[in-house]
Amino acid sequence: MKVAIGSDHGGYGLKLEIIKHLKERGFEINDVGCDSPASCDYPIYAKKVAAEIKDGSAELGILICGTGIGMSMAANKEDGIRAALCHDVFSAKATREHNDANILCMGARVIGPGLAELIVDTFLDTDFSNDERHVRRISLYS
């Protein structure tokens, strides 16, 4: 599976740790930036990951900033994107099963690397349920 990942300066360090973890698990990674801890604008990277999802270059995406809030707001402005801010494993599982989320957003200043890896694994390893009620609900806002 190909995963697109991006961060701003606040999420840069955690992004590097997540990339290492995912490569160890055998995932193919499209890192769209940022490329250093120097201050930058998160919407640029939210749009880049969203574009990877929309054009099929990646199946799922991960966005990381300081809180995850800005990334989730910016990504959700893009058509066809269902970005979910998750800081716990339950939410990561539920958003894949019920919402068919295609981008996971996290805050590097909110959670540590160990929990972030568990959340990422849960998000990537969980499939959409395809339950009729969830399909219907997603169609109401897609």
Side-chain angles (χ1 to χ4, degrees), residues 1-35 37 39-142:
M1 175 190 300
K2 281 190 183 179
V3 177
I5 189 167
S7 73
D8 70 356
H9 56 282
Y12 178 71
L14 182 57
K15 180 186 76 165
L16 296 180
E17 294 189 45
I18 296 299
I19 289 171
K20 180 181 177 204
H21 173 72
L22 292 177
K23 285 183 176 178
E24 289 171 355
R25 287 199 56 203
F27 286 93
E28 188 175 338
I29 306 300
N30 294 348
D31 181 357
V32 304
C34 71
D35 299 318
S39 183
C40 62
D41 299 320
Y42 64 86
I44 293 168
Y45 304 100
K47 286 183 180 191
K48 286 183 178 188
V49 168
E52 295 268 322
I53 302 301
K54 288 164 57 171
D55 73 14
S57 298
E59 295 172 60
L60 295 172
I62 300 169
L63 288 167
I64 308 167
C65 64
T67 63
I69 297 166
M71 285 294 199
S72 63
M73 293 172 73
N76 279 316
K77 296 284 186 184
E78 301 293 320
D79 288 340
I81 296 303
R82 292 174 306 282
L85 175 59
C86 298
H87 290 136
D88 61 80
V89 172
F90 175 79
S91 297
K93 183 174 178 61
T95 199
R96 286 289 299 134
E97 286 181 343
H98 298 187
N99 310 116
D100 198 18
N102 49 20
I103 297 179
L104 169 66
C105 300
M106 296 184 294
R109 295 178 184 139
V110 179
I111 57 173
L115 179 54
E117 288 177 5
L118 290 172
I119 292 167
V120 166
D121 288 347
T122 301
F123 185 84
L124 297 177
D125 294 343
T126 303
D127 293 322
F128 179 51
S129 69
N130 261 323
D131 181 278
E132 178 185 325
R133 65 192 162 124
H134 298 308
V135 172
R136 182 183 67 250
R137 290 169 184 160
I138 292 168
S139 74
L140 292 172
Y141 64 82
S142 293

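If you read the sequence from its start, that first residue is 1, and numbering goes on from there.
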(request) Go through the structure and list residues passing side chain to side chain donor-acceptor pair (under 3.5 Å) with Asp31, not counting sequence neighbours. (result) Lys15
(request) Just jot down the salt bridge (charged side-chain N to carboxylate O under 4.0 Å, His left out) partners of Lys93, sequence neighbours excluded, or say none. (result) Glu97
(message) The criterion is side chain to side chain donor-acceptor pair (under 3.5 Å); which residues satisfy it with Thr122, sequence neighbours excluded?
(response) none
(request) Determine whether Lys77 and Met73 make a side-chain contact, defined as any pair of heavy atoms from C-beta on separated by less than 4.5 Å. (result) no
(request) Compare every heavy atom of Asn102 with every heavy atom of Gly80, then report the nearest pair and how far apart it is. (result) O-ND2, 3.0 Å
(message) Measuring from atom CD1 of Ile44 to atom SG of Cys34, what distance do you get when rounded to the nearest 0.5 angstrom?
(response) 10.0 Å
(message) Using a 6.0 Å cut-off, check whether atom CD of Glu132 has over 12 heavy atoms from anything other than its own residue.
(response) no
(request) Not counting sequence neighbours, list each pair that qualifies as a ring-ring contact (aromatic ring centres under 6.0 Å, His included) and has a residue in residues 4-29. (result) none
Pairs of donor and acceptor atoms involving the side chains of residues 104-117, under 3.5 Å and at least two apart or interchain, shall be tabulated with distances.
none

(request) Assess whether side-chain contact (heavy atoms from CB on, under 4.5 Å) is satisfied between Ile62 and Leu22, documenting all intermediate values. (result) CA-CA 11 Å; Ile62 300 169; Leu22 292 177; 3.8 Å; yes
(message) Please check: side-chain N/O of Arg82 versus main-chain N/O of Ile103, any donor-acceptor pairing under 3.5 Å?
(response) no
(request) Please list, chain by chain and in numerical order, all residues satisfying salt bridge (charged side-chain N to carboxylate O under 4.0 Å, His left out) with Lys2, sequence neighbours excluded. (result) Glu28
(message) Please find the pair of heavy atoms, one from Ile5 and one from Ile18, that lie closest to each other, and give the distance.
(response) CD1-CG2, 3.8 Å
(message) So which atom in His87 and which in Ile119 form the shortest heavy-atom distance, rounded to 0.1 Å?
(response) C-CD1, 3.4 Å
(request) With rounding to the nearest 0.5 Å, note down the distance linking CG in Asp88 to CG in Leu118. (result) 11.5 Å
(request) Would you give the length of the straight line joining atom CZ of Arg136 to atom CD1 of Ile138, rounded to the nearest 0.5 angstrom? (result) 11.0 Å
(request) Look up atom CG in Leu63 and atom CG in Leu85, then write down how far apart they are to the nearest 0.5 Å. (result) 11.0 Å
(request) For Arg25, enumerate each residue passing the side chain to side chain donor-acceptor pair (under 3.5 Å) test, keeping only those at least two apart in sequence or located in another chain. (result) Asp121, Asp125
(message) Which heavy atom of Cys65 sits nearest to which heavy atom of Gly70, and what is that distance?
(response) SG-N, 4.2 Å
(message) For Thr95, give me all partners under side chain to side chain donor-acceptor pair (under 3.5 Å), at least two apart in sequence or on another chain.
(response) Asn99
(request) Just grab all the salt bridge (charged side-chain N to carboxylate O under 4.0 Å, His left out) pairs involving residues 40-66, residues at least two apart or on different chains. (result) Lys54-Glu78
(request) Would you name the heavy atoms of Ala83 and Ala75 that are closest together and state the gap between them? (result) CB-CB, 3.8 Å
(message) The criterion is side-chain contact (heavy atoms from CB on, under 4.5 Å); which residues satisfy it with Asn130, sequence neighbours excluded?
(response) Phe128, Val135
(request) Mark yes when over 12 heavy atoms from residues, nucleotides or ligands other than Phe90 sit less than 6.0 Å from its CZ; otherwise mark no. (result) no
(request) List in chain and number order the residues that pass salt bridge (charged side-chain N to carboxylate O under 4.0 Å, His left out) with Asp131, two or more places apart in sequence or in another chain; answer none if no residue qualifies. (result) Arg133
(request) Measure across Ser57 and Asn30 and return the closest heavy-atom pair with its distance rounded to 0.1 Å. (result) O-ND2, 3.3 Å
(request) Under the ring pair (Phe, Tyr, Trp, His ring centres under 6.0 Å) rule, collect the residues that match up with His134, sequence neighbours excluded. (result) His98
